[in-house]
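Down below is the structure, laid out as structure tokens.
By convention in this document, chain letters (A, B, ...) are assigned in the order of the sequence lines, proteins followed by strands, and residues within each chain are numbered from 1. Keep in mind it's a predicted model, so treat the numbers as computed, not measured.
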There are 2 protein chains.
Amino acid sequence: MTTHNILDKMASDAKLSKKETAKQQKIVEAAIAIFAEKGYSNTSTSEIARKSGVAEGTIFRHYGTKENLLLSVIVPFLKQSMPTLAQELSHEVNPQNNLHFEDFIRAFIRNRYNFLRENRDIFRVVIKELLYRDELRKDLFPYILKEMVAFFDIAIDHYKARGELGDLPNQKLFRMFLSVIGSHLVTRFFLSSDDLGKEEEEEQIEDLVRFLTNGVS
Amino acid sequence: MTTHNILDKMASDAKLSKKETAKQQKIVEAAIAIFAEKGYSNTSTSEIARKSGVAEGTIFRHYGTKENLLLSVIVPFLKQSMPTLAQELSHEVNPQNNLHFEDFIRAFIRNRYNFLRENRDIFRVVIKELLYRDELRKDLFPYILKEMVAFFDIAIDHYKARGELGDLPNQKLFRMFLSVIGSHLVTRFFLSSDDLGKEEEEEQIEDLVRFLTNGVS
DNA sequence: ATAAAAAGTGAGTGGTCACTTTTATTTTAT
DNA sequence: ATAAAATAAAAGTGACCACTCACTTTTTAT
């Protein structure tokens with residue numbers, strides 16, 4: 001099987017194909033928690049070993065290097081991230097369903113909210129490490145953007161045809177959506193520690209939706 | 001002299017009051033460059049000593065700890081950051097000058113562009129460390145936000161009175177402005193390495209201005 | 001049942017780290 | 001000019017790091 005994208009390539013480099021043992025799960029679990037809290041550089045392998053109840057040697061038997069353990073955390077998260085998005089939002093970009101652009105934006109934000117709520121710690125690890133690793137970012141960003149653009153293009157064209165979006169270039173619209181929603185998600189799940197109430201969260205989502213639908217009309 | 005805000009407090013904690021020697025300037029200069037590139041944790045004091053042409057002991061004579069050296073980089077940057085903003089934008093919030101909200105936004109973005117262009121490396125250091133240091137962030141964010149809100153409130157009220165802004169709560173307007181502009185600046189000066197041409201930069205600024213003035217009208 | 005393979009262990013190992021102490025040089029005061 | 005004080009350089013120091021290795025235990029295959 002050939003590797004078609006950078007994530008597959010990284011996954012195979014990191015030999016992630018084999019299924020995990022119970023101890024491996026413990027190791028990854030502990031690594032995510034400690035990396036998320038203190039960052040990769042400030043986390044020692046001995047600490048991960050202690051927290052996961054495993055000998056330090058076991059970590060290196062399975063992952064070879066500390067770096068490789070990090071990739072074993074990040075890569076599956078990113079691989080999972082894209083498909084669920086496209087799949088769960090197929091309803092909103094289907095011409096059969098008479099939905100408004102507003103509904104698409106709302107569904108998109110809700111989807112990312114739920115995804116990040118369930119993967120909060122890994123999200124923190126990824127954000128931190130993407131900032132520190134220029135190489136990783138340079139490889140990953142264009143790939144992720146391409147996937148996103150491909151998906152958004154369909155939606156944008158769809159809603160343009162319905163006359164619900166101005167005739168700004170898709171790229172500009174895309175960039176605005178992403179920066180507004182992205183910065184909101186980062187501040188929501190990364191910077192602010194306290195949990196929001198359900199209704200406060202709904203209100204913030206509606207503010208975003210209103211802002212985005214006005215900002216480009 | 002009493003300490004009125006957290007930055008003064010941090011500065012006095014770090015004993016930043018005394019004027020710098022030539023070697024200290026060299027040390028701080030080298031530290032900024034290497035911290036920006038590799039991050040604080042991945043930078044050794046011996047490397048800073050080598051790059052600044054100084055013995056390692058000299059660093060510790062002046063700064064005591066590596067942590068303290070970091071503060072000597074971050075704090076002056078933050079202290080400088082606010083006053084220049086308020087001062088350079090006083091023109092745009094003066095009722096005497098018959099300016100539009102659009103002009104205010106444009107001036108604000110331009111101001112931050114110029115500021116960050118001149119302090120790119122320090123900006124990178126600050127962003128990275130704010131992500132890693134929950135404590136620092138928790139102390140600093142509310143203070144910076146308070147300063148910003150105080151400033152923005154004047155502007156928002158001013159342009160509301162002129163009927164150029166809808167009657168959304170100031171806080172919501174403020175949050176939207178800041179997240180849109182902030183995420184743009186982070187991607188511009190932190191994530192993207194290549195330099196933009198002057199006209200491309202102007203176009204991006206105009207896109208932002210247009211988006212923000214539409215988004216809240 | 002038994003041999004082979006895989007998983008797990010924990011005491012090292014060399015090297016680097018932030019920081020200290022000692023020694024040398026420069027600056028200042030008289 | 002010279003002693004005292006400030007500054008810089010150089011040579012440590014112990015703690016900790018990622019990683020290895022010889023070995024034991026568990027799982028799998030026949």
Side-chain angles (χ1 to χ4, degrees), chain A residues 12-75 125 128-129 132-133 135-136, chain B residues 13-74 125 128-129 132-133 135-136:
Chain A
S12 63
D13 284 356
K15 296 187 212 108
L16 299 176
S17 40
K18 291 170 186 172
K19 58 188 76 144
E20 295 183 310
T21 69
K23 299 236 170 189
Q24 271 177 288
Q25 281 176 17
K26 285 281 205 181
I27 291 167
V28 168
E29 210 173 283
I32 289 173
I34 308 180
F35 285 164
E37 191 201 331
K38 314 203 305 179
Y40 174 81
S41 291
N42 304 316
T43 302
S44 69
T45 47
S46 70
E47 195 178 352
I48 297 171
R50 202 182 324 124
K51 174 146 187 166
S52 54
V54 149
E56 205 174 341
T58 308
I59 295 175
F60 289 93
R61 165 151 313 272
H62 286 298
Y63 300 99
T65 64
K66 189 188 166 191
E67 177 91 16
N68 218 340
L69 172 58
L70 175 68
L71 290 180
S72 302
V73 167
I74 290 181
V75 172
V125 176
K128 278 179 180 162
E129 287 314 309
Y132 268 87
R133 291 156 189 277
E135 206 50 47
L136 190 67
Chain B
D13 284 356
K15 295 185 213 107
L16 299 177
S17 40
K18 290 173 187 171
K19 58 189 78 145
E20 295 183 309
T21 69
K23 300 238 170 189
Q24 271 177 288
Q25 280 176 18
K26 284 281 205 180
I27 291 168
V28 167
E29 212 172 281
I32 289 173
I34 310 179
F35 286 164
E37 190 201 332
K38 314 204 305 181
Y40 174 80
S41 291
N42 304 315
T43 302
S44 68
T45 48
S46 69
E47 195 179 352
I48 297 171
R50 202 182 324 123
K51 175 145 186 166
S52 54
V54 150
E56 203 175 341
T58 307
I59 295 175
F60 288 93
R61 166 151 314 270
H62 285 300
Y63 300 98
T65 64
K66 188 187 167 191
E67 178 91 14
N68 218 339
L69 172 58
L70 175 68
L71 290 181
S72 301
V73 167
I74 290 182
V125 176
K128 279 179 180 162
E129 287 314 308
Y132 269 88
R133 291 155 188 278
E135 205 50 46
L136 190 67

Give the minimum heavy-atom separation between B:N68 and B:Y63, together with the two atoms involved. CB-O, 3.0 Å
Nearest-0.5 Å distance, OG1 of residue A:T45 to CD of residue A:E56: 4.0 Å
Would you indicate, yes or no, if C:dA7 has its OP1 or OP2 atom less than 4.0 angstrom from a side-chain nitrogen or oxygen of A:T21? no
For atom CD1 of B:I34 and atom P of C:dC17, their distance in whole Å: 12 Å
Looking only at heavy atoms, the pair that brings B:I48 and B:A30 closest together is O-CB, 4.1 Å
Please determine if a side-chain N or O atom of B:H62 lies less than 4.0 Å away from the OP1 or OP2 oxygen of D:dT7. no
Could you tell me whether A:K128 sits above the aromatic face of A:F35, with NZ or CZ closer than 6.0 angstrom to the six-membered ring centre and within 45 degrees of the axis? no
I need the CD-P distance between A:E20 and C:dA6, as an integer number of Å. 18 Å
Nearest-Å distance, CZ (A:R50) to P (C:dT9)? 15 Å
Which value, rounded to the nearest 0.5 Å, describes the distance between B:Q24 atom CD and B:L69 atom CG? 10.0 Å
Closest non-hydrogen contact found for A:G39 with A:T43 is O-OG1, 2.7 Å
For B:E129, enumerate each residue passing the side chain to side chain donor-acceptor pair (under 3.5 Å) test, keeping only those at least two apart in sequence or located in another chain. A:Y132, B:R133
Roughly, in whole Å, what's the span from CD1 in B:I59 to P in D:dT7? 17 Å
Here the helical stems involving DNA chain C, each at least 3 consecutive Watson-Crick or G-U pairs closer than 3.5 Å, sorted by first residue number, are C:1-30 with D:1-30
Side-chain heavy-atom pair A:Y40, B:N42 within 4.5 angstrom cut-off: no
I need a per-nucleotide contact map over nucleotides 15-29 of chain D, read 5' to 3'. Cutoff is protein heavy atoms under 4.0 Å; write B for the base, S for backbone only, - otherwise. --SBBB---------
